[in-house]
Amino acid sequence: MMDEVIKDFDREKKEMKLIDENGKRIDGRSAEELRPVKMKVGVLNRADGSAYIEWGKNKVVAAVYGPREAQPRHIQNPLKGIVQARYNMVSFSVTDRKRPGPDRRSIEISKIISEALEAAVITESFPRTTIDVSMEVLQADAGTRCAGLTAASLALADAGVPMKDLVVACAAGKVDGQVVLDLLKEEDNYGQADLPVAIMPKSEEVVLLQMDGHLTQEEFDRALSMAIEGCKKLYEMQKEALKMSVGGE
Ligand code: CDP
């Protein structure tokens with residue numbers, strides 16, 4: 001009996017229309033529109049740098065500590081510094097309480113974010129050190145790795161860490177057969193593909209690219225350029241947030 005109820009529920013969800021006849025999505029956005037985003041830099045007193053981002057219903061805070069001597073010593077690189085990012089979702093950030101502590105997903109996200117940030121930081125300037133970046137997802141609604149990475153790069157800038165450029169991330173994907181920008185939770189759950197992308201906007205160098213689901217070559221190209229356009233809009237917001245932190249409010 002219960003199984004049947006669950007099956008019916010799944011079927012209903014699968015048939016749920018995510019884009020209406022006017023091309024509007026469930027939150028009223030068009031295909032190429034970002035969710036509303038707010039960023040604030042310098043939100044924590046005891047970190048060397050910090051930032052907070054609200055992106056749709058996502059809420060993420062990022063903090064930077066360092067550069068400081070890497071411990072234990074065997075992780076030190078005598079030629080350059082290392083970036084160790086830690087992505088964490090708090091228990092109450094998702095609908096079903098999340099078990100505290102690292103899991104496969106958060107370990108993977110921490111790794112790819114570390115690599116994306118390391119591409120931007122001029123690590124050769126501080127050998128043997130580590131820069132620790134901590135991201136806490138307080139509320140999640142799909143796109144948290146992009147929100148975390150975007151906030152983390154602001155926190156690095158706030159800490160005065162020398163970088164080639166800011167890193168900014170945004171996803172595109174496929175929903176109801178259409179390529180769309182910045183998927184929210186229902187679109188991520190019941191859509192056909194999700195493509196998170198991070199770039200350094202000045203050079204357009206891609207520092208993170210993942211794909212969940214299936215896209216044709218043509219759809220992939222469209223999703224990638226849509227995500228890059230999204231990143232460029234977010235980059236302007238990042239620069240504004242940094243200016244506000246210097247000028248004060
Ligand atoms: O957040 P992001 O899109 O980067 O990662 P995801 O693995 O594609 O997860 C999509 C969304 O699923 C998250 O943002 C959460 O809203 C949700 N989720 C959840 O409800 N419980 C989890 N343990 C993990 C993710």
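Whatever order the structure lists them in is the order used to number ligands and atoms, beginning at 1. One is the number of the first residue; the rest follow in order along the sequence. Only a predicted model underlies this, so the values are computations on that prediction, with no experimental measurement involved.
Protein heavy atom nearest atom 14 (O) of ligand 1, with residue, atom name and distance: A142 N, 2.7 Å. If you check which protein heavy atom lies closest to atom 9 (O) of ligand 1, you get R105 NH2, 3.5 Å. Looking from atom 23 (N) of ligand 1 to the surrounding protein, the closest heavy atom is K98 CG, 4.4 Å. Of all protein heavy atoms, the one closest to atom 8 (O) of ligand 1 is D188 OD2, 3.4 Å.
Near K185, meaning under 4.0 Å from any of its heavy atoms, are these atoms of ligand 1: 12 (O), 16 (O), 17 (C), 20 (O). Against a heavy-atom cut-off of under 4.0 Å, V94 is close to the following atoms of ligand 1: 18 (N), 19 (C), 20 (O), 21 (N). Atoms of ligand 1 found under 4.0 Å from any heavy atom of A140, numbered from 1 in the order shown, are 14 (O), 15 (C), 16 (O). The contact set between ligand 1 and D141, taken as ligand atoms under 4.0 Å from a residue heavy atom, comprises 14 (O), 16 (O).
Under the side chain to side chain contact (heavy atoms under 4.5 Å, CB included) test applied with V64, the options L154, D132, I131 reduce to a single match, I131. Screening R35, K17, R29 for a salt bridge (Lys or Arg N to Asp or Glu O under 4.0 Å) with E187, the sole residue that qualifies is R29.
In terms of N/O distances under 3.5 Å, ligand 1 is approached by G143. Looking at ligand 1, you won't find any N or O of I109 less than 3.5 Å from one of its N or O atoms. Of the polar atoms of T144, at least one N or O is found under 3.5 Å from an N or O of ligand 1, judged by distance alone.
Side-chain atoms of K233 and L34, non-hydrogen and from C-beta on, do get closer than 4.5 Å to each other.
In this structure, of E108, R145, R99, Q210, the residue bringing a heavy atom nearest to atom 6 (P) of ligand 1 is R145.
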Q) Does the pair E54 and N58 meet the rule for a side chain to side chain donor-acceptor pair (under 3.5 Å), with working shown? A) CA-CA 6 Å; E54 283 185 9; N58 291 311; over 6 Å; no

Q.
Could you go through E108 and Q210, starting from their C-alpha distance and side-chain angles, then the distance that decides it, and tell me whether this counts as side chain to side chain donor-acceptor pair (under 3.5 Å)?
A. CA-CA 11 Å; E108 171 217 315; Q210 295 187 294; 2.9 Å; yes

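Between the R97 side chain and the S91 main chain, no donor and acceptor come within less than 3.5 Å of each other. At least one donor-acceptor pair closer than 3.5 Å links the side chain of S50 to the backbone N or O of L44.
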